[in-house]
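Beneath this line is the structure, given in structure tokens, with notes to follow.
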Amino acid sequence: MTENVVPLFKNPTTSPDGPPAEAAAPVAVLSVVATPPARPVPLWVRTGRTARTLATHERTRMAAGVVVRHGSYVLGGTRVVAKRAWDGRTAARYERMIRAAEAAGNYEAAADWEQRGAAFREARHRRRMDLITSPERLAKNAAYGTGGTIGGLLVIGIALAIATKDPADVVTPLMALVDLIHFLVVFVTVMWGPLVAVGPWVALAGVWAVGRHRQAAPNWALPATARSSDGEPITPSIVVKALRDLGIAPLRNAIKEMGDAGASMLGPITIAGCGIEVDVTLPSGVSTVEVQQRRRKLAENLSRHEHEVFITIPLAARTVRLWVADSGALDEPIGPSPLVTDDTMTADYTKGKAPWGQDLRGDAAALSLYQRHLLITGLSNQGKTVALRSLALWLALDKSVQFLLGDLKGVGDWNMFDGLAHVLIQGPTDEHVVQVVEMVEGAVDEMNRRIQAPPGTTFPPLIVLVDEAQVAFMCPAKDEEKRPYGGARATSRYFMAVRKIHNQGRAVNVLMWQGTQDPTNENLPKLVREGAHTRASLALGTESQARMALGDKAVDGGAAPNLLRPGLDQGTLVLASSGITIPAGQSSITVRTHYIDDDAATAITDRAKALRDGITTLTVIEHGEERDPLADIATVLGDTARVLTADVLKRLSVLSEDAYGSWTPGDLKRVLEDAGAEPYKSDGRMVVGRERVQRALTNRTEDGSASAQI
């Protein structure tokens, strides 16, 4: 026990020279603190710590890896050599090939291998029968050979003796043969011991080399250079090994039984864009769904990321089509859009296709928009608006196409369509939703007017585009009759207007395009999403959302937008449409869309505006108030010198459905004649002249008698 002396009180008057004379030094009070001796660590604890340190040391792990690796090389090489020997001595190879052919349903090949196996067994039987009679033949041959050899040597000896005149040379050749035999016996006797000692080690080195070549060791025990295969080219053996290690027992067993180690399952490996493509015919008992559900594991087995492997179902039964990208290739940009690089490009709504991007093969992905309703969905900030706008920009280069645009995000993504679209409403509020709903309902009235036109009448394409459509479906506002603007019921004005266009608009070129986020049954009703002919989806969160976006058929066929990487695969979408070329047997295609920024989009719309006479874009749809028909006619004419009376009626209806929705050509003619700006014929068709209307407005009396108020 040790004692620590600690002063509890100090004398404040104490100085280095001693206590002052007037004050007596107080008595120091000491405290003795006992420190208990350290308890010895038990031997078993110290032994355990040492053992644990040794077991977890880096050198120990390295040594264990070396031992396991090289031991596995020997065992694996022995197994391979033994299997080769067994295959060479038995008909096991033929049996495996027969089972593989039967599993693949190729009974003709199975019969051929059966014939080869029978021939092998017959030849083996002949060899065995020959072995039974071989001792007798060997004895006879040895006797004949020995007698002949001795006789020949004696003849040579006699000739030698005659030549040398020495009778002893008769046996000289025979003795030379005896000496040779003696030398060989001595040589074998001397070398036999080293050969016996070295032989097993040579055999061991041989099987070790075979095992090392086959990498017959656990993955954790392999050296880093052997485990790393990033960017490794895809070969048939790599594909078969990746399939074998998927964890599907029937597939693994079938590959083991195949005489060609599974190579017969694979079709040709072909270069496909920035990757390769191969068809895999699965053996009996293995479902294509089982392989699809293990996409991530298959990708990792191929040394790829999950997004770099796509699994689709072609026409052939029990077949999956694998597309495997080159490492990192999908993270590289695909280049600018032809709309940006070719300032002479125009569009053709009827026969042309919009240049949208590239498919995974690297081929141009072009989409036909002719009489097809469109739906694009995806999570926020994945490129949905840019992808939708790219299609509208191409179609704007066809001067016959008309646009009614509603952007319920309202951040200016569609500003460049001001002066190009007849209606452009931008904003996220309920008031903006009301405006968009009335715009869509105006398109329904135009559709009904077209349907009632005489047979054979042709109509220009009218694109009704609503971006962020989920805002309209979720809007709680109601009109004066308590009818909701949003919702997914038959009382919803937006829902019913969209459904009407989906049902009949295609026949008269009135098309509904919608972009929406995060599809659910609440913000994207089933009847609306199933009414779109072209359905595309960017990255989504769940498979159920993918089914809502693309449909069950596309998802069951391999479409998986939910496996795209949010934030990393921006602009990459999965598309199901008859308007794009999809490989035979597939129900969808993955497209990497071109990115067109706002400045480039503005340049494209400027080219589109130059193709037109001039359009006055309405940003607010007025209703329920007194209007000046002549002034409204001047507004819808804009800067155009003359406009067909039918188009004037349509623009007036868009401007105010309540005021002009029921107007007929007679009503328009009456107002213009009263104002002295009556319509006239141009090229055989009735038109309204902007100059006449402006002059009538200028000449109106101050009391407004020339403008009937409604």
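- Judged by distance alone, with hydrogens and angles left aside, the side-chain atoms of Asn523 form a donor-acceptor pair with the main-chain N or O of Thr520 at under 3.5 Å.
- Under the 4.5 Å side-chain criterion, counting only non-hydrogen atoms from C-beta, Gln517 is not in contact with Thr377.
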Taking only distance into account, with no hydrogens and no angle test, what donor-acceptor pairs under 3.5 Å do side-chain atoms of residues 383-394 form with protein atoms, sequence neighbours excluded?
residue : atom : partner : partner atom : Å
Lys384  : NZ   : Glu468  : OE2          : 3.0
Thr385  : OG1  : Lys409  : NZ           : 3.3
Thr385  : OG1  : Asp467  : OD2          : 2.9
Arg389  : NH1  : Asp413  : O            : 2.9
Arg389  : NH1  : Asp598  : OD1          : 2.9
Arg389  : NH2  : Ile596  : O            : 2.9
Arg389  : NH2  : Asp598  : OD1          : 3.2
Ser390  : OG   : Val386  : O            : 2.8

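- Electrostatic pairing of Lys353 and Asp348 does not count as a salt bridge here, judged by no charged N lying under 4.0 Å from a carboxylate O.
- Within the 4.5 Å cutoff, side-chain heavy atoms of Arg295 are placed close to those of Leu563.
- Salt bridge present: Arg493 and Asp479 bring a charged side-chain N and a carboxylate O closer than 4.0 Å.
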Original post:
Does the pair Asp556 and Arg547 meet the rule for a salt bridge (Lys or Arg N to Asp or Glu O under 4.0 Å), with working shown?
Top reply: CA-CA 9 Å; Asp556 291 338; Arg547 293 184 180 275; 3.0 Å; yes

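- The two residues Val291 and Leu282 make their nearest non-hydrogen contact at CG2-CD1, 3.9 Å.
- Counting only heavy atoms from C-beta outward, the side chains of Thr350 and Asp398 never approach each other to under 4.5 Å.
- Considering only heavy atoms from C-beta on, Pro561 comes within 4.5 Å of Leu550 through its side chain.
- For the pair Ile463/Leu404, no side-chain contact is recorded, criterion being any heavy-atom separation below 4.5 Å from C-beta on.
- Counting only heavy atoms from C-beta outward, the side chains of Val433 and Val471 approach each other to under 4.5 Å.
- Separating the OG atom in Ser400 from the CG atom in Leu395 is a distance of 8.0 Å, to the nearest 0.5 Å.
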Subject >> Leu527 vs Arg499, side chain to side chain contact (heavy atoms under 4.5 Å, CB included): CA-CA, chis, key distance, verdict >> reply: CA-CA 7 Å; Leu527 292 178; Arg499 286 293 299 142; 3.7 Å; yes

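- Test Asn301, Ile269, Leu302, Val324 against Ile238 for side chain to side chain contact (heavy atoms under 4.5 Å, CB included) and you get one pass: Leu302.
- Residues Thr516 and Gln514 have side chains that never bring a donor and an acceptor to within less than 3.5 angstrom of each other.
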**OP:** Begin from the C-alpha positions of Leu374 and Leu511 and carry the test side chain to side chain contact (heavy atoms under 4.5 Å, CB included) through to its verdict.
**Re:** CA-CA 8 Å; Leu374 175 68; Leu511 304 177; over 6 Å; no

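- Between Thr602 and Asp599, the side chains place no donor N or O within less than 3.5 Å of an acceptor N or O (distance only, hydrogens not considered).
- Under the salt bridge (Lys or Arg N to Asp or Glu O under 4.0 Å) criterion, no residue pair touches residues 508-531, with sequence neighbours excluded.
- At least one cation-pi condition fails for Arg506 and Tyr370: the charged atom is not both under 6.0 angstrom from the six-membered ring centre and inside a 45 degree cone around its axis.
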**OP:** Show your working on side chain to side chain contact (heavy atoms under 4.5 Å, CB included) between Thr617 and Leu420 and close with a plain yes or no.
**Re:** CA-CA 7 Å; Thr617 299; Leu420 184 60; 5.8 Å; no

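- A donor-acceptor contact under 3.5 angstrom links the side chains of Tyr349 and Asn509, judged on distance only.
- Residues Ser578 and Arg372 bring a donor and an acceptor atom of their side chains to less than 3.5 Å of each other.
- Salt bridge Glu300/Arg304: absent, no basic N to carboxylate O contact under 4.0 Å.
- The shortest non-hydrogen separation linking Met548 to Pro519 is SD-O, 3.5 Å.
- Using a 4.5 Å heavy-atom threshold, the side chains of Thr542 and Gln545 count as touching.
- Using a 4.5 Å heavy-atom threshold, the side chains of Trp356 and Leu575 count as touching.
- The aromatic rings of Phe473 and Tyr494 sit perpendicular to each other, their planes meeting at more than 60°, with 30° as the lower class boundary.
- Distance alone, capped at 3.5 Å, places no donor-acceptor pair between the Asp407 side chain and the Gln426 backbone.
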